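Quick note on labels: first sequence line is chain A, next is B, and so on, each numbered from 1. For clarity, every value in this text was computed on a predicted model and none was experimentally measured.
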Amino acid sequence: MSEMNHKGIDAFKENLKSIGASLAGSLFRSGRPASDRSRAAAMFNNFFLHVQGVKTHINTLRPAYTFGLGIASLFLLLITILSGVLLMIYYNPSIENAYNTVKDITYVVFGGKLIRNIHKWAGEGMIIFVMLHMARVFYTGSYKRGREFNWVIGIMLLVLTFGINLSGYMLPWDQLSYWALVIVANIIQSPKEITDSLGITQYFDIGGFSKEFFLGGLAAGKESLTRVYLLHIMLFPIFLFLFLGMHFWRIRKDGGLTKPEGFEPAGGDTNLVTFPEKRGGIFPTNKTYGLMELAHGRTPAVDRDVENTVLSWPNLLVAEVAVFFLCLAGVVAYAFHINAPLKELANPLIPENPAKAPWYFLGLQELLSYSAFMGGVGLPGLALLGLALIPYLDREQHHAGVWFTGGQGKSVALQALAAGTVVLLGLLAFVIGFGWFRNWWPNIPQLLIVLVNPGTIWVGFICVVGPYH
Amino acid sequence: MNSAANEKTGISRRDFLGLASLGTAILSGLAVIAGIFRMSKPNVRYEESTRFKIGKPENFPVGTVKKLDDRGVFIFSTDDGLHAISSVCTHLGCIVALTETGFQCPCHGSKYNGNGKVIGGPAPRNLAWLEISRHVDGSLVVDTAKEIPAGTKFKLAV
């Protein structure tokens with residue numbers, strides 16, 4: 001009896017000892033990633049990793065192809081979310097408390113200043129990286145061959161990135177926030193310029209309606225802050241995640257990132273990646289193909305590895321972890337030294353002088369100074385539409401996955417850059433030197449300035465010259 | 001019989017019912033969306049009234065300009081009477097400042113002359129002239145929601 005008891009206790013002790021191993025085993029069911037097969041399983045059995053393929057093309061892993069820009073944007077978003085949730089512990093979105101709570105976060109809360117700086121700079125960093133990522137995708141022609149709509153989703157993500165940054169700019173309820181809110185509300189109202197010119201405002205006041213919808217009233221006040229907060233922490237993030245999910249899903253379904261046709265691994269690639277243990281796929285040769293190795297594209301041959309791919313574990317993951325820590329280190333270092341601005345409490349009586357847009361809207365601010373409607377609604381809308389249409393206008397299917405599609409493209413890109421810069425600077429210099437229509441003819445109808453101003457000329461120039469590439 | 005019915009009306013009963021239910025579904029969906037938009041338009045506003053008293057006429061001696069900062073109006077008092085000009089820039093809603101020649105906006109550089117007429121910058125409209133009326137207790141009332149034609153003066157009946 002006592003012996004049996006003893007045995008039972010021993011068995012229980014053994015079980016206790018092995019709890020760590022069995023817990024890990026139940027968590028990572030595919031075991032230690034020691035063989036090609038278990039490395040593959042480590043990817044497709046893991047909830048967080050399975051969105052990525054088991055195998056990754058070598059071209060994708062070349063740092064100079066992507067520069068990690070897209071994934072850096074994602075990591076900055078993750079940093080922003082985490083720091084944002086921390087800020088929500090203290091922030092209170094009411095016009096009585098918002099400014100004071102932000103001040104508390106900055107000067108009283110332990111670590112609050114650093115977290116706020118991280119949130120601010122990671123969020124604004126997203127803008128830079130999303131734009132650079134967009135440029136990379138454009139110059140490598142990666143919006144072609146079934147990826148057309150993913151480019152459009154990318155444009156929506158760009159707009160959401162701007163929106164989420166701008167709505168965040170309004171939350172501290174300091175002078176910058178308040179006057180940004182007033183100006184944005186008036187941009188939203190600016191279709192009134194057109195309806196006024198046509199004399200139909202009293203029947204169809206789309207501008208006034210939209211402004212009231214945004215502000216929750218006729219003037220910027222407590223209702224407005226609630227709405228901006230709702231946009232910042234709920235509506236924009238929901239759509240951001242939705243479109244991000246679609247963005248990644250489509251990349252995966254399209255067979256990963258673009259790569260040049262006739263890709264050949266170069267000597268330097270062996271420094272970057274670990275090649276599989278054996279040629280011939282990760283599954284025994286009597287199997288034709290592992291399903292998880294298949295990607296959109298040409299049918300792979302039996303008994304051969306999918307061309308020029310290596311296992312994502314560890315090759316891709318190492319690269320991603322490196323980008324993540326670079327992002328984190330960059331943001332923390334920047335946030336440690338540079339403080340997010342906080343001006344005086346919002347004062348509806350005194351506009352900031354000069355009232356400056358956040359840096360990512362300085363271009364828009366310049367356009368706004370000709371016409372609120374054209375600069376704030378018309379031209380940005382046209383520009384976004386033009387960007388979204390790029391994959392549908394450029395039907396050329398060759399050279400996807402090559403920077404600048406080779407040497408000729410490079411010279412075209414440089415010429416476009418030079419011509420664009422010259423015309424833009426020329427227009428600016430002209431306007432600064434000589435003014436615009438109203439300085440010459442004070443009684444000129446507003447509609448004419450709305451239609452013809454340096455902003456519209458600039459966009460017109462792009463539209464006319466652009467297609468001659 | 002079915003084909004005969006088809007020839008008469010051009011659409012079968014099944015198609016008609018299908019299209020009708022699809023149309024009903026779309027219409028109800030639109031109604032729900034309209035309802036959501038309507039819900040977000042507040043029925044009660046927590047704002048101050050656009051009508052406010054500015055005090056007795058004696059407070060505005062001829063030849064003075066008073067800037068009522070918190071209300072966004074300038075009250076001019078001239079020989080012809082009083083007039084109120086909105087200080088909210090028609091471009092993007094900043095508060096304009098009084099200058100020697102008229103008004104100027106600090107945000108995007110709109111300029112107006114003394115009557116609020118645009119003379120420079122991006123402002124699409126002239127500054128609004130606002131209605132002044134007299135309350136029964138004798139004090140003056142300005143309504144920022146009521147625009148009146150430029151040049152209309154409030155005559156102090158003496």
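Residues A/Ala372 and B/Leu92 come closest through the heavy atom pair CB-CD2, 3.8 Å. Taking all atoms of both residues into account, the shortest heavy-atom contact from B/Pro122 to A/Leu368 is CB-O, 3.8 Å. Nearest heavy atoms, B/Pro42 versus A/Gly217: CG-N, 4.4 Å.
Crowding of B/Phe52 atom CZ: a count of heavy atoms from other residues, nucleotides or ligands under 6.0 Å exceeding 12. Around atom NZ of B/Lys66, more than 12 heavy atoms belonging to other residues, nucleotides or ligands sit under 6.0 Å away. Surrounding NZ of B/Lys153 are more than 12 heavy atoms belonging to other residues, nucleotides or ligands, all under 6.0 Å away. Around the NZ atom of B/Lys67, the shell of radius 6.0 Å holds more than 12 heavy atoms that belong to other residues, nucleotides or ligands.
Near-neighbour residues of residues 27-40 of chain B relative to chain A, defined by a heavy atom under 4.5 Å from a heavy atom of that chain, comprise B/Phe37, B/Ser40.
Put simply, the side chain of A/Leu349 does not reach to within 4.5 Å of the side chain of B/Ile95, judged on heavy atoms.
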